[in-house]
Amino acid sequence: MTTGFHYRHVCLEAAACVLPDEIIASEELERRLAPAYERFGLLPGRIEMFTGIRERRFFPPGTRSGSISVQTVRKLLEISEFDPARIGALINGSVCRDQVEPATAARIHSESGLPQTALIFDVSNACLGILNGMQVVAGLIEAGQIEAGIVVGTETGRPLVEQTIASLNGRDVLSRQDMKLAFASLTIGSGSAAVLLCRRELSRTGTRLLGGAYLAETHQHDLCAGGIADAGPDRGRLLMQTDSEALLRAGVKLAGRTWPIFLDALGWTNANVSRVLTHQVGIAHRKLLLDTLKLSENIDFPTVERFGNTGSAALPMALALAIEQRVLRQGDRIAMLGIGSGLNALMLGLEWRAGASP
């Protein structure tokens, strides 16, 4: 059974992002990690050396993801000039949420001026949340249930990074395995992104969301896991443990299996792909992924060096920035390559039109 799918009636009308003002260099994080580095005999520079991440951005302490998502949705509606009354769904797809209940989407909807008739809910799937939200909205449009929908997500990485540093510095005994499992948490940044999808007849841009493909390998769900520690010296802290090397290899292998299904669903070959947007994790991941799919680095649009890993917002942020910087060209066929812990791979294909916002 194939996991490829195709859309006939869906357009991507606009994408927008909101970036935090505060910039934190990797070397600054390592200065804060001095006690742990000294105990373990580590030299500064390893974060940038292994990941390529020079810096990341943080929202102010205490920032709630919903408040930033409201800003992002408002920006999206402004640049697209799309009638809010036609929005039939609002999905929040970020890992970060304001609370367990109600859905963070409820606050975003309340403060964004969207109609009462819109479906609102959160979608959770690690770094694939926003892409999965796009899949849901596109399916609703294709089925004729709604005319348009918005997917938004904001990741606030500061608490995870700061609590990871506190955990590592506070340990009396620090093993190589401790550092290995915590390392990915030090790559996390903050950011927000939103996309607007609509029925083809309503689109002023003509940028088609053509379809995509997905695969899951959930027997590897334990390679990355995060949450609030409920025992031990780190009780009450937000922490994440990641086997980065195993996750990289397994994720790229899964992407390699998903890629031919994706190409077949869209009727593409590698030669048809003029631009790729990937989930932004690190330079080693990027290189291995593109090498595995036999794609040139020249068609990628990397942002990880400046923003770190911003979770579900990473790929749609790259899309929004590529639009803002006018990187995309008329007729470009764009492959959005999402990989998330779980493991899950989801790839979506766009056919670009020059009229797309802004």
Side-chain angles (χ1 to χ4, degrees), residues 9-21 59-60 62-124 129-156 190-207 209 310-313 316-317 319-321 323-324 355-358:
H9 304 293
V10 183
C11 283
L12 186 144
E13 193 67 0
C17 65
V18 170
L19 306 175
D21 293 327
F59 294 110
T63 298
R64 301 178 77 189
S65 64
S67 63
I68 304 299
S69 289
V70 170
Q71 296 179 33
T72 313
V73 170
R74 289 175 176 172
K75 180 178 178 180
L76 182 74
L77 291 170
E78 180 181 355
I79 64 176
S80 66
E81 298 181 348
F82 196 85
D83 182 2
R86 289 187 176 272
I87 301 298
L90 171 71
I91 297 177
N92 171 58
S94 55
V95 175
C96 299
R97 290 183 173 81
D98 289 354
Q99 63 276 315
V100 174
E101 185 180 2
T104 300
R107 178 194 179 178
I108 302 168
H109 175 270
S110 174
E111 299 179 20
S112 299
L114 300 180
Q116 286 185 300
T117 51
L119 290 166
I120 56 162
F121 51 93
D122 292 350
V123 167
S124 175
I130 294 180
L131 287 189
N132 281 137
M134 292 174 64
Q135 196 179 11
V136 172
V137 168
L140 291 170
I141 293 171
E142 194 76 4
Q145 296 182 39
I146 64 173
E147 294 182 314
I150 291 173
V151 188
V152 65
T154 298
E155 306 294 12
T156 53
S190 300
S192 182
V195 296
L196 169 60
L197 303 178
C198 71
R199 191 162 179 84
R200 193 172 181 179
E201 292 83 356
L202 297 178
S203 177
R204 296 192 301 176
T205 70
T207 292
L209 180 62
T310 55
S312 71
M317 272 176 54
L319 172 63
L321 291 168
I323 297 172
E324 286 183 10
S357 297

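By convention here, the first residue in the shown sequence is residue 1.
- Note that CG of Leu114 is 6.0 Å distant from CG of Leu77, once rounded to the nearest 0.5 Å.
- Under the side-chain contact (heavy atoms from CB on, under 4.5 Å) criterion, Gln135 pairs with Phe5, Tyr7, Asn132, Tyr214, Leu346, sequence neighbours left out.
- Residues Ser312 and Gly93 approach most closely at OG-O, 3.4 Å, considering heavy atoms.
- Within the 4.5 Å cutoff, the side chain of Arg74 has heavy atoms near those of the Glu111 side chain.
- Once rounded to the nearest 0.5 Å, the distance linking CD1 of Ile87 with CD1 of Ile150 reads 4.0 Å.
- Between Cys17 and Lys75, the shortest heavy-atom contact is O-NZ, 2.8 Å.
- Within 6.0 Å of the CD atom in Gln99, the count of heavy atoms belonging to other residues, nucleotides or ligands exceeds 12.
- Taking each heavy atom of Ala89 and Leu140 in turn, the nearest pair found is CB-CD1, 4.4 Å.
- In this structure, the side chain of Glu155 engages the main chain of Cys96 through a donor-acceptor pair within 3.5 Å.
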Trace of the side-chain contact (heavy atoms from CB on, under 4.5 Å) decision for Cys11 with Thr207: CA-CA 5 Å; Cys11 283; Thr207 292; 5.7 Å; no
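- Residues Ile146 and Gly88 come closest through the heavy atom pair CG2-O, 3.7 Å.
- The line from CD of Glu324 to CE of Met317 is 10.0 Å long, rounded to the nearest 0.5 Å.
- The backbone N or O of Val18 sits nowhere less than 3.5 Å from a side-chain atom of Gln71 that would complete a donor-acceptor pair.
- At distances below 3.5 Å, at least one donor-acceptor pair connects side-chain atoms of His109 with backbone N or O atoms of Pro115.
- A salt bridge does not link Arg86 with Glu81: every distance from a Lys NZ or Arg NE/NH1/NH2 to an Asp or Glu carboxylate oxygen is 4.0 Å or more.
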Take Leu202 and Glu147 through the side-chain contact (heavy atoms from CB on, under 4.5 Å) test and state the conclusion after the steps. CA-CA 8 Å; Leu202 297 178; Glu147 294 182 314; 3.7 Å; yes
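- The CD atom of Glu142 lies 10.0 Å from the CZ atom of Arg200; values are rounded to the nearest 0.5 Å.
- No donor-acceptor contact under 3.5 angstrom links the side chains of Asp122 and Ser124, judged on distance only.
- In this structure, CG in Leu321 is found 5.5 Å from CG in Leu19, a value given to the nearest 0.5 Å.
- A donor and an acceptor atom, one from each side chain of Ser190 and Thr156, are nowhere located under 3.5 Å apart.
- In this structure, the side chains of Leu90 and Val152 come closer than 4.5 Å at one or more pairs of heavy atoms.
- For the pair Val123 and Asn92, the minimum side-chain heavy-atom distance is 4.5 Å or more.
- Glu13 and Ser80 share no side-chain donor-acceptor pair at under 3.5 Å.
- Considering every non-hydrogen atom in both Ile79 and Ala15, the closest pair reads CD1-O, 3.5 Å.
- Between the side chain of Thr104 and the main chain of Asp98, a donor-acceptor pair closer than 3.5 Å is present.
- Closest approach of Phe121 and Ala105 over heavy atoms only: O-CB, 3.5 Å.
- Atom CZ of Phe59 is separated from atom OG of Ser192 by 6.0 Å, given to the nearest 0.5 angstrom.
- A donor-acceptor pair shorter than 3.5 Å cannot be found between the side chains of Ser65 and Thr154.
- Met134 has its side chain out of reach of Pro316: every pair of non-hydrogen atoms, C-beta onward, lies at least 4.5 Å apart.
- Looking only at distances, a side-chain donor or acceptor of Thr72 sits under 3.5 Å from a matching main-chain atom of Ile68.
- Between Ile91 and Ile130, the closest side-chain pair of non-hydrogen atoms is not below 4.5 Å.
- A 6.0 Å sphere centred on CD of Glu201 holds more than 12 heavy atoms belonging to other residues, nucleotides or ligands.
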